[in-house]
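Take a look at the structure below.
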Amino acid sequence: MKIGIPKALLYYTYYPLWKNFFEMLGYKTVVSNNTSKLILDNGVMNCVDDACLPVKLFHGHVIDLLGRADVIFIPRLISINPGEFICPKFIGLPEMIKSSIKELPEVVVADCNAHRNIRNAYMAYINTGKKLTGSSSLALKAFRLASSRQQAYNRILKLGGTPLDILEMNRVQDIRNDKGVIGLIGHPYLLYDQYVSMNIVAKLRDMGYRVVVPENIEDVKIEEICNRLPKKLFWSYGKKLLGSGIAMLENNNVDGIVLLSSFACGIDSFILELLHRYNRRQYGIPYTLITVDEHTGHAGFNTRLEAFIDMIEWRRAHEGNLSSYGASVSGR
Ligand code: SF4
């Protein structure tokens, strides 16, 4: 039996766990194709209008798996860390898919809720494995092995590079004339979906920049930064974006920050604004926000990115110059 895994939402975060778990249980896994115009259009046409782009895309990836998988895996991620939640759109995802997509094969749902106890999230996998195979011991063994693969993946990401470099074995350029470092902040399902992100990682590398992403920042560092904030953030991914963004800004670790956001994302609307304010008040690092939706085109996107990089380079070249009235041209 083949289990279909949609290449969307938290695929870039948890694929090693999911793949190894199901394969250890004795199933084959099949992943949907890379996002294309067809996948995006199918997602848009089969999802409610007011969902955000990543949720629409998830619908398109499920459709891409129809006829190729006997069962489709749709995790219901409620909470991934004790005392925190993730976006509510993940909670209703299995029901959204079941009500929107016709001729859907059987769906496997794992209800992961670590809000009270991380063990509850682990049990979701063990219960799923037990339901599929009838064996608790096999489910436990599969989960242990899959978790160790997931931890190894997370450790590699802390050394640098992006999930795409590992999962797609992308070329990681050895940039000899390294022009600088760009911090790229956004949800993994935007940054690493090459279609909707317009391949931003490769574009920045081709311009001669090294890219730092939230997955490269140690969790303890993010936690330590977020503990300094005046209020507790209880959205796990909001914390990750804000904490990793501030970690990049501290000590001038990056030459610029690019934020990639999805139109209609509630969490980004305040998290990215907070990061913008911290930057303006304390760091003054060049910063740009690019918002994408299903209508975003390459021309406008490239123009924004190139203008931002030109601005960083112009600033670096002229920062020491004084204007005729005595102020630094950078305005700092
Ligand atoms: S966090 Fe934002 S982009 Fe992600 S699923 Fe929720 S609304 Fe959509």
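Whatever order the structure lists ligands and atoms in, that order sets their numbers, starting from 1. Note that the structure is predicted; figures quoted are calculated from it, not measured.
Below 4.0 Å from some heavy atom of C265 lie the following atoms of ligand 1, by number and element: 1 (S), 2 (Fe), 3 (S), 7 (S). The P54 neighbourhood of ligand 1 comprises atoms 3 (S), with distances under 4.0 Å to a heavy atom of that residue. Numbered from 1 in the order shown, with element, the atoms of ligand 1 that lie under 4.0 Å from a heavy atom of C87 read 1 (S), 5 (S), 6 (Fe), 7 (S).
Atom 6 (Fe) of ligand 1 does not have C52 among its coordinating residues (no N/O/S atom, backbone or side chain, under 2.8 Å).
Under the salt bridge (charged side-chain N to carboxylate O under 4.0 Å, His left out) rule, D219 has a single partner from R155, K158, K240, which is K158.
In summary, the side chains of D64 and S32 do not present any donor paired with an acceptor at a separation below 3.5 Å, with no hydrogens or angles considered. In this structure, a donor-acceptor pair under 3.5 Å is present between the side chains of T29 and E23.
Criterion: ILVMFWY side-chain heavy atoms under 4.5 Å apart, direct or through other members. Under it, L132 and L145 are not part of a common hydrophobic cluster.
With distances taken over non-hydrogen atoms, the option nearest atom 1 (S) of ligand 1 out of W235, Y237, Y189 is Y189.
Considering only heavy atoms from C-beta on, M207 comes within 4.5 Å of L305 through its side chain.
Ranking protein heavy atoms by distance to atom 7 (S) of ligand 1, first place goes to K89 NZ, 3.5 Å.
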